[in-house]
Amino acid sequence: MTLTVLFAASNEDWHKYGRALSDAFTQEGLDAELVTRASPQDVDYIVYAPTSTLQDFSPYKNTKAVLSLWAGVERIVTNDTLTFPLIKMVDPGMTQSMVEWVVGHVMRYHLGMDSHIVNPQREWEWHSNPLAQERRVCILGLGSLGTAVGEQLCRMNFRVSGWSRSAKNLDGIETFHGSDGLRDALATGEILVLLLPDTAETENTLNRETLAQLPKGAYILNPGRGPLIEDAALIEALDSGQVAHATLDVFRTEPLPQDHPFWAHPNVTVTPHIAAATRPVTSAKEIARNIVRGEKGEAFLNLVDRARGY
Ligand code: NDP
């Protein structure tokens with residue numbers, strides 16, 4: 001019987017992903033129809049983004065899973081009406097995009113590019129840059145994105161470390177875990193990359209106390225989520241020189257309000273949540289493959305643990 005897959009996201013998302021999803025269903029041999037409206041009891045799967053108005057999942061009595069178009073699931077994970085499996089987006093296209101964004105900004109800091117790109121005084125200040133093997137980069141969050149970023153930085157010879165909730169063994173990456181491991185991880189963060197999910201536990205991971213545990217003059221990249229950083233504490237750390245510069249892609253309120261001090265701070269670069277968009281073709285394939293698994297009675301990939309919040 002033809003499966004009904006409800007597309008619950010904005011019109012803009014429909015134009016972006018609709019065709020790619022239908023094509024992926026065909027390519028993966030799924031007999032499934034992608035629709036934007038259906039009687040809840042007829043819906044087998046829901047492809048979801050927070051741009052949707054869907055809030056109440058309780059009428060969807062026969063639905064087998066919600067497949068999120070976003071990697072960050074903080075806006076749906078606490079929805080009590082959702083009682084069936086929630087799957088987060090892991091998309092090779094998005095992963096590549098995140099690797100490129102992080103590597104680009106790591107290289108910018110590593111090579112001190114800003115002082116050459118903006119040099120109104122025409123200063124000829126010769127210096128030799130350290131090599132990658134002399135530069136420590138720490139990644140908070142070693143999930144699908146953090147691990148891919150770490151592996152690429154290792155291939156470029158950086159000294160890479162990382163921190164996660166559970167213990168990890170990753171080739172070439174020095175790993176720390178749990179609340180006890182955070183201090184040691186931060187001490188390795190000459191360049192610190194935040195790739196944690198937004199949960200009750202990760203909120204304000206960077207605060208006055210933890211920012212002080214970074215090496216003096218650290219650089220921060222936050223492509224994770226805004227609430228990972230206590231904004232006022234970061235501004236203080238930038239003003240005191242404890243943090244030399246921060247590049248922030250995500251914020252507590254998006255778009256970042258015009259009067260937010262991050263816009264005006266000389267040592268902050270704001271990027272408008274562009275580090276890693278979900279890519280239509282590659283993400284559609286992942287969604288189709290996960291539905292195929294569900295129909296075969298196999299376990300879904302990338303299931304969200306509702307208790308942990310990611
Ligand atoms: P994953 O769920 O795969 O990985 C999350 C990582 O964070 C895991 O290593 C996990 O540890 C660790 N973690 C979670 N909670 C804690 C904690 N309390 N203490 C220590 N470590 C913790 O996520 P992804 O890699 O797919 O994505 C990470 C985040 O990136 C997303 O949640 C999203 O917010 C953001 N993102 C941003 C985008 C952008 O464009 N700016 C695009 C896509 C994602 P463990 O491995 O032990 O479970």
Side-chain angles (χ1 to χ4, degrees), residues 49-51 67-78 86-105 138-152 160-170 173-186 189 192-207 210 220-229 246-252 254-256 269-280 282-283 286 290 300-310:
T51 53
L67 298 114
S68 172
L69 280 169
W70 289 18
V73 290
E74 67 279 357
R75 281 158 72 176
I76 184 177
V77 73
T78 52
L86 171 63
I87 296 163
K88 65 188 158 193
M89 177 52 66
V90 176
D91 159 23
M94 178 170 64
T95 303
Q96 187 188 331
S97 174
M98 184 60 82
V99 169
E100 290 177 6
W101 187 92
V102 173
V103 166
H105 289 282
C138 177
I139 304 159
L140 301 188
L142 290 172
S144 54
L145 298 176
T147 301
V149 164
E151 286 171 350
Q152 179 60 31
V160 183
S161 54
W163 180 70
S164 51
R165 174 200 284 266
S166 57
K168 305 254 181 239
N169 188 359
L170 298 169
I173 302 181
E174 186 182 9
T175 54
F176 304 92
H177 70 277
S179 45
D180 294 346
L182 181 58
R183 177 186 276 272
D184 290 338
L186 289 171
L192 185 77
V193 184
L194 296 178
L195 275 170
L196 294 162
D198 175 11
T199 69
E201 275 186 34
T202 60
E203 180 162 16
N204 295 331
T205 297
L206 286 193
N207 52 42
T210 52
I220 292 175
L221 302 179
N222 186 12
R225 280 293 182 262
L228 301 175
I229 300 179
T247 297
L248 310 173
D249 187 55
V250 284
F251 305 91
R252 287 169 188 267
E254 294 182 8
L256 184 65
T269 296
V270 170
T271 64
H273 202 145
I274 51 163
T278 304
R279 306 286 153 158
T282 46
S283 65
E286 296 304 311
N290 235 344
F300 291 116
L301 299 177
N302 311 315
L303 260 185
V304 172
D305 180 330
R306 305 290 296 277
R308 288 188 319 196
Y310 69 97

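Note that this is a predicted model, so its numbers are computed, not measured. Computed over heavy atoms, backbone and side chain alike; hydrogens, waters and symmetry mates excluded. Read the numbers this way: they start at 1 and go in the same order the structure lists the ligands and their atoms.
Contacts of Leu140 with ligand 1, taken as heavy-atom pairs under 4.0 Å, are absent altogether. Under 4.0 angstrom from ligand 1, the non-hydrogen atoms of Leu145 come from both its backbone and its side chain. Only the side chain of Lys88 comes within 4.0 Å of ligand 1, judged by heavy-atom distances. Residue contacts with ligand 1, taken as heavy atom pairs separated by less than 4.0 Å, involve Arg165 via backbone and side-chain atoms alike.
Closest to atom 8 (C) of ligand 1, if we only count protein heavy atoms, is Gly143 N, 3.6 Å. Atom 34 (O) of ligand 1 has its closest protein heavy atom at Arg225 CG, 3.1 Å. Nearest non-hydrogen protein atom to atom 19 (N) of ligand 1 is Trp163 CH2, 3.3 Å. Scanning the protein heavy atoms around atom 12 (C) of ligand 1, the nearest turns out to be Leu196 CD2, 3.8 Å. The nearest heavy-atom contact from the protein to atom 3 (O) of ligand 1 is Ser144 N, 3.0 Å.
The closest non-hydrogen atom to atom 7 (O) of ligand 1, taken over Ala167, Pro197, Ser164, comes from Pro197. Between Gly226, Pro223, Gly309, it is Pro223 that holds the heavy atom closest to atom 37 (C) of ligand 1. Among Ser179, Gly224, Gly72, the residue whose heavy atom lies nearest to atom 35 (C) of ligand 1 is Gly224.
Distances below 4.0 Å separate heavy atoms of Asp249 from the following atoms of ligand 1: 39 (C), 40 (O), 41 (N). Numbered from 1 in the order shown, with element, the atoms of ligand 1 that lie under 4.0 Å from a heavy atom of Leu195 read 28 (C), 30 (O). Residue-ligand proximity, His273 to ligand 1, at heavy-atom distances under 4.0 Å covers atoms 39 (C), 40 (O), 41 (N). The Ala71 neighbourhood of ligand 1 comprises atoms 43 (C), 44 (C), with distances under 4.0 Å to a heavy atom of that residue. Within ligand 1, the atoms closer than 4.0 Å to a non-hydrogen atom of Met94 are 43 (C), numbered from 1 in the order shown. Those atoms of ligand 1 with a heavy atom of Gly141 less than 4.0 angstrom away are 6 (C), 7 (O), 9 (O). Under a 4.0 Å criterion applied to the non-hydrogen atoms of Val250, ligand 1 contributes the atoms 41 (N). Shown in contact with Glu201 at under 4.0 Å from a heavy atom are these atoms of ligand 1, numbered in order with element: 18 (N).
At least one donor-acceptor pair closer than 3.5 Å links the side chain of Asp249 to the backbone N or O of Ala275. Not a single donor-acceptor pair under 3.5 Å links the side chain of Gln96 to the backbone N or O of Gly93. Using a distance-only test at 3.5 Å, with no hydrogens or angles considered, no donor-acceptor pair links the side chain of Ser161 to the main chain of Glu174. The main-chain N or O of Val304 is never found under 3.5 Å from a side-chain atom of Arg306 such that the two would form a donor-acceptor pair.
Polar contact check, Ser166 against ligand 1: a nitrogen or oxygen pair lies under 3.5 Å apart. For ligand 1, the polar-atom distance check finds no N/O of Thr202 at less than 3.5 Å from any of the ligand's N/O atoms. Below 3.5 Å of separation, one finds an N or O of Ala276 facing an N or O of ligand 1. Taking distance alone, with nitrogen or oxygen atoms compared against 3.5 Å, Tyr310 approaches ligand 1 more closely than that limit.
Here Asn207 contributes atom CG and Leu228 contributes atom CG; the two are 11.5 Å apart, rounded to the nearest 0.5 Å. The OH atom of Tyr310 sits 14.0 Å away from the CG atom of Leu86 when rounded to the nearest 0.5 Å. Rounding to the nearest 0.5 angstrom, the gap separating the OG atom in Ser68 from the CD1 atom in Ile87 is 10.0 Å. Taken to the nearest 0.5 Å, the NE2 atom of His105 stands 7.5 Å off from the OG1 atom of Thr269. To the nearest 0.5 Å, atoms CZ (Arg75) and CH2 (Trp70) are separated by 4.5 Å. Atom CD1 of Ile139 and atom CG of Leu196 lie 11.0 Å apart (nearest 0.5 Å).
Using a 4.0 Å heavy-atom cutoff, Lys168 is listed among the residues neighbouring ligand 1. For Leu142, the closest heavy-atom approach to ligand 1 falls below 4.0 Å. Residue contacts with ligand 1: Val90 is excluded, as none of its non-hydrogen atoms falls under 4.0 Å. Residue-ligand proximity: Met98 is placed with a non-hydrogen atom under 4.0 Å from ligand 1.
Residues satisfying the side chain to side chain contact (heavy atoms under 4.5 Å, CB included) test with Ser144, not counting sequence neighbours, are Val90.
Among Val250, Asn204, Leu248, Thr210, the single residue meeting the side chain to side chain contact (heavy atoms under 4.5 Å, CB included) criterion with Ile229 is Leu248.
Looking at heavy atoms from C-beta onward, Lys168 lies out of side-chain contact with His177 at the 4.5 angstrom threshold. With contacts defined as side-chain heavy-atom distances shorter than 4.5 Å, the pair Leu182/Trp163 qualifies.
Judged by distance alone, the side chains of Thr199 and Arg308 never bring a donor and an acceptor atom under 3.5 Å apart.
Checking atom 25 (O) of ligand 1 against the protein gives a heavy-atom contact under 4.0 Å.
Residue pairs meeting the salt bridge (charged side-chain N to carboxylate O under 4.0 Å, His left out) criterion with at least one member in residues 194-205, sequence neighbours excluded, are Arg165-Glu201, Glu203-Arg252.
Across every non-hydrogen atom of Pro223 and Met98, the tightest pair is CB-SD, 3.6 Å.
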